[in-house]
Amino acid sequence: MTYILNLETATKNCSVSISQDGKTILCKEMAELGYSHAEKLHVFIEECLKESKLTFNDLSAIAVSQGPGSYTGLRIGVSAAKGLCFALDLPLIAVDTLQVLASQLSITEGIIIPMIDARRMEVYSAIFSSKLDKIREVQAEILSENSFEGISETIHFVGDCAEKAKTVLTNSNFIFHEEIIYPSANEMGALSYQKFLQNMLEDVAYFEPYYLKDFMVTVAKK
């Protein structure tokens with residue numbers, strides 16, 4: 001059996017899960033206005049292992065959300081993951097944060113656009129098919145009334161940007177799933193397990209989070 005410890009700290013949600021052969025068996029998480037990841041992360045790790053009746057020696061790999069997201073949150077998660085990998089001699093798996101967020105939504109048609117709030121009207125986003133195949137890579141962009149206007153399919157938006165996004169994204173094919181806000185380690189297990197099976201591992205010494213600081217400026221049409 002393959003047990004993977006999954007760490008998700010890219011947003012306000014500090015989340016830890018343990019998966020067995022791709023299925024989450026336990027998840028601990030907390031989303032707070034103030035980032036408390038440094039205090040909560042290792043507590044959640046210990047609680048997950050204890051309640052799963054596992055030890056660090058039972059783990060096959062450590063998976064971490066690679067970003068984009070909060071600079072501080074990503075640093076905390078990646079530092080913890082790398083430290084555990086070094087100490088336990090375990091492989092490191094990096095999972096796309098936006099794919100983790102998109103994985104919370106199950107649809108049969110249309111596309112999914114997960115968005116993570118940056119600041120003002122800026123967001124980190126990507127585009128996935130209903131089967132979670134990536135259609136467009138991660139971008140940092142400024143939302144406007146022209147964003148995503150060339151897409152005729154139904155677009156399902158998830159993430160913590162709904163309130164501000166709805167002020168400019170008003171097309172009839174736009175659907176906001178406001179109950180899905182933050183990426184969670186609960187959805188990481190299937191993604192990290194597939195990477196483990198395909199030997200898609202990171203170099204523990206040199207791996208860095210995906211911060212994605214540059215933004216695309218969209219010029220409004222007149």
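Numbers here simply count residues along the sequence, with the first being 1. Values reported hereafter were calculated over all heavy atoms of this structure, with side chains retained and with hydrogens, waters and symmetry mates removed.
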J.: Passes side chain to side chain contact (heavy atoms under 4.5 Å, CB included), L98 versus I116? Steps please.
T.: CA-CA 8 Å; L98 288 169; I116 293 176; 3.8 Å; yes
J.: Does M30 belong to the same Ile/Leu/Val/Met/Phe/Trp/Tyr cluster as I18, with side-chain heavy atoms less than 4.5 Å apart forming each link?
T.: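 Shared cluster, yes.
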J.: Give, for atom CG of L5 and atom CE of M188, the distance between the pair rounded to the nearest 0.5 Å.
T.: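 The distance works out to 9.0 Å.
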J.: State, with a plain yes or no, whether a side-chain heavy atom of S125 is found less than 4.5 Å away from one of R136.
T.: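 Yes, their side chains come closer than 4.5 Å.
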J.: Could you tell me whether E8 and K28 make a salt bridge, using a distance below 4.0 angstrom between a side-chain N and a carboxylate O?
T.: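 Between K28 and E8 there is no salt bridge, as every charged N stays at least 4.0 Å from the carboxylate O atoms.
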J.: What is the minimum heavy-atom distance between V123 and C161, and which atoms define it?
T.: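 Looks like CG1-SG, 3.5 Å.
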J.: Locate the shortest heavy-atom distance separating L169 from S147; write the atom from each residue and the value.
T.: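 Looking at all heavy atoms of both residues, the closest pair is CD2-CB, 3.8 Å.
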J.: Assigning hydrophobic clusters by single linkage (Ile, Leu, Val, Met, Phe, Trp, Tyr; side-chain heavy-atom cutoff under 4.5 Å), is M200 placed with Y193?
T.: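 No, no single cluster joins them.
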J.: Find out if a path of hydrophobic residues (ILVMFWY) with successive side-chain heavy-atom gaps under 4.5 Å connects I155 to M115.
T.: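 Linked within one cluster.
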J.: Kindly state each residue pair satisfying salt bridge (Lys or Arg N to Asp or Glu O under 4.0 Å) with at least one member in residues 157-170, sequence neighbours excluded.
T.: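 For residues 157-170: D117-K164, K166-E178.
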J.: Tell me the closest heavy-atom pair linking L132 and S103, and the distance in Å.
T.: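 Shortest heavy-atom contact: CD1-OG, 3.5 Å.
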J.: With side chains defined as the heavy atoms from C-beta onward, is the minimum distance between L49 and L59 less than 4.5 Å?
T.: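 In short, these two side chains touch, coming nearer than 4.5 Å.
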J.: So, does S52 use its side chain to make a donor-acceptor pair with the main chain of C48 at under 3.5 Å?
T.: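 A pair under 3.5 Å: yes.
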J.: Just list the side-chain donor-acceptor pairs under 3.5 Å for residues 79-88, sequence neighbours left out, or say none.
T.:
from	atom 1	to	atom 2	distance (Å)
S79	OG	R75	O	2.7
K82	NZ	V204	O	3.3
K82	NZ	F207	O	3.0

J.: Does a side-chain heavy-atom distance below 4.5 Å link V64 with V95?
T.: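 No, every pair of side-chain atoms sits at 4.5 Å or beyond.
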J.: Give, for atom OG of S130 and atom CD of E153, the distance between the pair rounded to the nearest 0.5 Å.
T.: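 Those atoms lie 8.5 Å apart.
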J.: Could you grab the distance from atom CD of E51 to atom CZ of F44, nearest 0.5 Å is fine?
T.: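 Those atoms lie 10.5 Å apart.
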J.: When you measure from the side chain of D21 to the backbone of M1, do you find a donor-acceptor pair of N or O atoms at a distance under 3.5 Å?
T.: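 Judged by distance alone, no pair lies under 3.5 Å.
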J.: So which atom in S184 and which in Q104 form the shortest heavy-atom distance, rounded to 0.1 Å?
T.: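 Looking at all heavy atoms of both residues, the shortest contact is N-NE2, 3.8 Å.
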J.: Assess the residue pair E29 and S15 against the criterion (side chain to side chain donor-acceptor pair (under 3.5 Å)); give the C-alpha distance rounded to whole Å, side-chain angles, the decisive distance to 0.1 Å, and a yes or no.
T.: CA-CA 4 Å; E29 57 190 341; S15 183; 3.0 Å; yes
J.: Stepwise, does the side chain to side chain contact (heavy atoms under 4.5 Å, CB included) test hold for Q20 with T2?
T.: CA-CA 6 Å; Q20 176 186 323; T2 301; over 6 Å; no
J.: Has D203 got more than 12 heavy atoms of other residues, nucleotides or ligands less than 6.0 Å from its CG?
T.: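 Yes - once you tally the heavy atoms of other residues, nucleotides and ligands closer than 6.0 Å, there are more than 12.
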J.: With side chains defined as the heavy atoms from C-beta onward, is the minimum distance between L7 and L41 less than 4.5 Å?
T.: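 They are in side-chain contact.
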J.: Output yes when E122 and R119 qualify as a salt bridge under the 4.0 Å nitrogen-oxygen rule, no when they do not.
T.: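 A salt bridge links E122 with R119.
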J.: Rounded to the nearest 0.5 Å, what separation is found between the CG atom of N13 and the NZ atom of K40?
T.: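 Between atom CG of N13 and atom NZ of K40 there are 12.5 Å.
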J.: Quick one: are L105 and I107 in side-chain contact, heavy atoms under 4.5 Å?
T.: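 In short, these two side chains touch, coming nearer than 4.5 Å.
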J.: Evaluate the side-chain proximity of V138 to Y210: yes if any heavy-atom separation is below 4.5 Å, no if none is.
T.: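 They are in contact (side-chain heavy atoms under 4.5 Å apart), so the answer is yes.
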J.: Distance check, rounded to the nearest 0.5 Å: K50 atom NZ versus I45 atom CD1?
T.: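 One finds 15.5 Å between NZ of K50 and CD1 of I45.
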J.: Specify the closest pair of heavy atoms between P209 and L74, including all atoms of both residues, with the distance to one decimal.
T.: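 Shortest heavy-atom separation between P209 and L74 comes out as CB-CB, 3.9 Å.
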J.: Assess, by modelled atom type and distance only, whether the side chains of T97 and S65 contain a donor and an acceptor separated by less than 3.5 Å.
T.: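 A pair is found: one side chain offers a donor N or O, the other an acceptor, under 3.5 Å apart.
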J.: Taking transitive links into account, so neighbours of neighbours count too, which hydrophobic residues share a cluster with I181 at under 4.5 Å side-chain distance?
T.: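 Result for I181 is Y182.
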J.: Going by side-chain hydrogen bond (donor to acceptor under 3.5 Å, both in side chains), name the pairs with one or both residues in residues 168-177, residues two or more places apart or in two chains.
T.: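 Non-adjacent pairs meeting side-chain hydrogen bond (donor to acceptor under 3.5 Å, both in side chains): H156-H177.
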J.: Going only through I, L, V, M, F, W and Y residues with side-chain contacts under 4.5 Å, is there a path from V78 to V16?
T.: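 Yes.
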J.: Report the distance from atom CD1 of I76 to atom OG1 of T9, rounding to the nearest 0.5 Å.
T.: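 Reported value, rounded in 0.5 Å steps: 6.5 Å.
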J.: Testing the basics here: between A165 and F176, what is the closest heavy-atom pair and its distance to 0.1 Å?
T.: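 Result for this residue pair: CB-CE2, 3.7 Å.
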J.: For residues V100 and Y211: do they belong to one hydrophobic cluster (side chain heavy atoms under 4.5 Å, members Ile, Leu, Val, Met, Phe, Trp, Tyr)?
T.: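 No, V100 and Y211 fall in different hydrophobic clusters.
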J.: Identify, with sequence neighbours excluded, every residue that meets side chain to side chain contact (heavy atoms under 4.5 Å, CB included) alongside S19.
T.: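 Partners of S19 under the side chain to side chain contact (heavy atoms under 4.5 Å, CB included) test: I4, N6, S192.
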J.: Does T24 reach the main-chain N or O of N186 with its side chain, forming a donor-acceptor pair under 3.5 Å?
T.: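 Yes, T24 side chain to N186 backbone: donor-acceptor pair under 3.5 Å.
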J.: Just by modelled atom types, is the I142 backbone N or O under 3.5 Å from a matching donor or acceptor in the R120 side chain?
T.: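 The answer is no, because no donor-acceptor pair under 3.5 Å joins these two groups.
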J.: Under a 4.5 Å cut-off applied to non-hydrogen side-chain atoms, are I93 and F196 in contact?
T.: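 Side-chain contact under 4.5 Å: yes.
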J.: Kindly indicate whether the side chain of L101, heavy atoms from C-beta on, has any atom under 4.5 Å from the side chain of T11.
T.: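 L101 does not reach T11 side chain to side chain.
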J.: Given I111 and F148, is the side chain to side chain contact (heavy atoms under 4.5 Å, CB included) satisfied, shown in steps?
T.: CA-CA 11 Å; I111 60 175; F148 315 116; over 6 Å; no
J.: Specify whether F174 and F157 have parallel, tilted or perpendicular ring planes, treating 30° as the upper limit for parallel and 60° as the lower limit for perpendicular.
T.: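 Aromatic pair F174/F157 classed perpendicular.
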J.: With sequence neighbours excluded, give me every salt bridge (Lys or Arg N to Asp or Glu O under 4.0 Å) pair touching residues 96-113.
T.: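 Checked against salt bridge (Lys or Arg N to Asp or Glu O under 4.0 Å) - neighbours excluded - the pairs reaching residues 96-113 are D96-K134.
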